[in-house]
Number of protein chains: 2
Amino acid sequence: MTLLKNPVFQQFRKNGALTAEEEKRLLGLEQKPRRVDASDPLWHENDTVDAFCILKQGWAYSFRNLDSGAKQILKLYLPGDIIGMRDFGFSHRLAGVEMIDEGVVCPFSHQQLFEVMDYSATLASGIVAIAVRQQAMLTERLVYVGRHTAQQRLAHFLYELYLRLSRIEAVKDNTFSLPLSQEQVGDALGLSSVHVSRTFSMLRDEGLVLRDRQRIQLPDPMALASMAEFSDAYLDESMPSPFLDLHGISSRALRDAQKA
Amino acid sequence: MTLLKNPVFQQFRKNGALTAEEEKRLLGLEQKPRRVDASDPLWHENDTVDAFCILKQGWAYSFRNLDSGAKQILKLYLPGDIIGMRDFGFSHRLAGVEMIDEGVVCPFSHQQLFEVMDYSATLASGIVAIAVRQQAMLTERLVYVGRHTAQQRLAHFLYELYLRLSRIEAVKDNTFSLPLSQEQVGDALGLSSVHVSRTFSMLRDEGLVLRDRQRIQLPDPMALASMAEFSDAYLDESMPSPFLDLHGISSRALRDAQKA
DNA sequence: AAACTTCCATAACTTATGATATGACGTGTT
DNA sequence: AACACGTCATATCATAAGTTATGGAAGTTT
């Protein structure tokens, strides 16, 4: 799994919006793969921001620990995601990040990121678009944590995962693996672990979610989506047309092309 | 109020990280000021994304209307903010935006934004940093909406506003104006208007917040911050050092400078 | 296989917040 | 002045979710 496989850059490529040199520069961010174990922290809250990461394999999550001892999980990262853009422009980390299972990450520096962004506005916009899309998922969670019942929150959470995992071919027979304890699910949704358990039971009784340990099956995904009032606009993969016709603007890349 | 006065670009300038040409290009985004009345929509959810805005005067907010009839206010925009970066990379608006009071906005196009981002990595990073900071406020709200009591949510909301308004010199004697009804405050915090009223009363009884119509006074801001478990890292204005020394990378700007 | 540990289901009880209702206050309109 | 209207305070009642507790199932360690 590489950044080029990210839905945003996939769409660029489908429209011939990336030159060979641009693709090469993107891949340049993934030079230094590093194995990481389950539960390994990538960094802690308040650490100095010295790098970002591309997640090649495995799941990770970002989180905040509260004074009260509670924990709020902010975001789940799946393979192909960029981790840490949230901290771009800050000197210190606003949230910790930990691996969930084992995996592979590719760290890259501010310097590398600037170089890629400077090389062409196409690459810069693509990276920004990826960061914006990640934040859109957070915004969506604010909406349903603020305004929906526990059932809807859990349904929404599971359906969103179902869609994201489908796109990276990690769903089979409407079944996928959820390597989180109910306590962690509660930490993501602002619910107690007990209430997560209750809510899973309710969804089971309604025939919407079957669960065996970490295997989740959604017998009727559409029904689940509709009870969660799920609107998938925020996961929309299509880029607006101005993005797909950037060559005329992206002057450095253009100049390089003309030289060749 | 202009984009150059935004805390992020302020810091760039203080460190001599912006050339005259770069400043000029930033100001180029503010060519077409437009007066807007109170309650004027800037756009609606699902509209095609055709422009972004710099808010010069007045307050605005973004929001989502839910099927249930409820409304979730996502973000308050104050003068100097960029509105709409949330939709960068999407074809359709994920949220509506409305003015609160009357004001002035400067719309600019995708094309203009690309041109600025392409001109130098410094400008591109600055704009991204502003967008990331706005999202950081949303993330913070997810944390306290998910994990804090109504008192803490309201206290956090008011204290955050107090800090943001202080930076644009809109606080005097610990007093500022809050042009939102209690129902709107509730829509921002995921609370009913009745409970916002109750909570205001509780904060008043504890001597933490005095209120007369739209005037809010915080007799002891630090006490309020501490009961809200407020941590101001996410509002930190300082940019990490790699940002303030970008000339060596920002090759187009450098080349132009050498020519001159 | 016994002893632990972690995770989960369920129950009983508590509490924070939502829903509904009513009256007070302020503002603008005629 | 009289009225309508929006906003807010407060009270009462309803309910979703938190808290604490207990027992069971599965996995780990000895």
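Throughout, a chain's letter reflects where its sequence line sits, starting with A, and its residues are numbered from 1.
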Asp40(A)/Arg35(A) ion pair, N-O < 4.0 Å: no

Rounding to a whole Å, what distance do you find between Met202(B):CE and dA11(D):C1'? 14 Å

Assess whether a salt bridge exists between Arg64(B) and Glu140(A), defined as any Lys/Arg side-chain N lying under 4.0 Å from an Asp/Glu carboxylate O. yes

Counting only side-chain heavy atoms from C-beta out, which of dT10(C), dG18(C), dG27(D) sits nearest to Arg213(A)? dG27(D)

Roughly, in whole Å, what's the span from NE2 in His195(A) to P in dT15(D)? 15 Å

Check whether any side-chain nitrogen or oxygen of Ser201(B) sits under 4.0 Å from OP1 or OP2 of dT10(D), and answer yes or no. yes

For a side chain to side chain contact (heavy atoms under 4.5 Å, CB included) check, start with the C-alpha distance between Val209(B) and Phe200(B), then their side-chain angles and the critical distance, and finish with the verdict. CA-CA 7 Å; Val209(B) 177; Phe200(B) 262 121; 4.2 Å; yes

Which of parallel (below 30°), tilted (30 to 60°) and perpendicular (above 60°) describes Phe230(A) and His156(A)? tilted

Assuming nearest nucleotide by heavy-atom distance, tell me which of Arg204(B) and Val196(A) is located more 5' along DNA chain D. Arg204(B)

Candidate nucleotides dG18(C), dC8(C), dG18(D), ranked by approach to the side chain of Arg198(B) - the nearest: dG18(C)

OP1 or OP2 of dA9(C) under 4.0 Å from side-chain N/O of Ser197(A): yes

Closest to the Val194(A) side chain: dA17(D), dA21(C), dT20(D)? dT20(D)

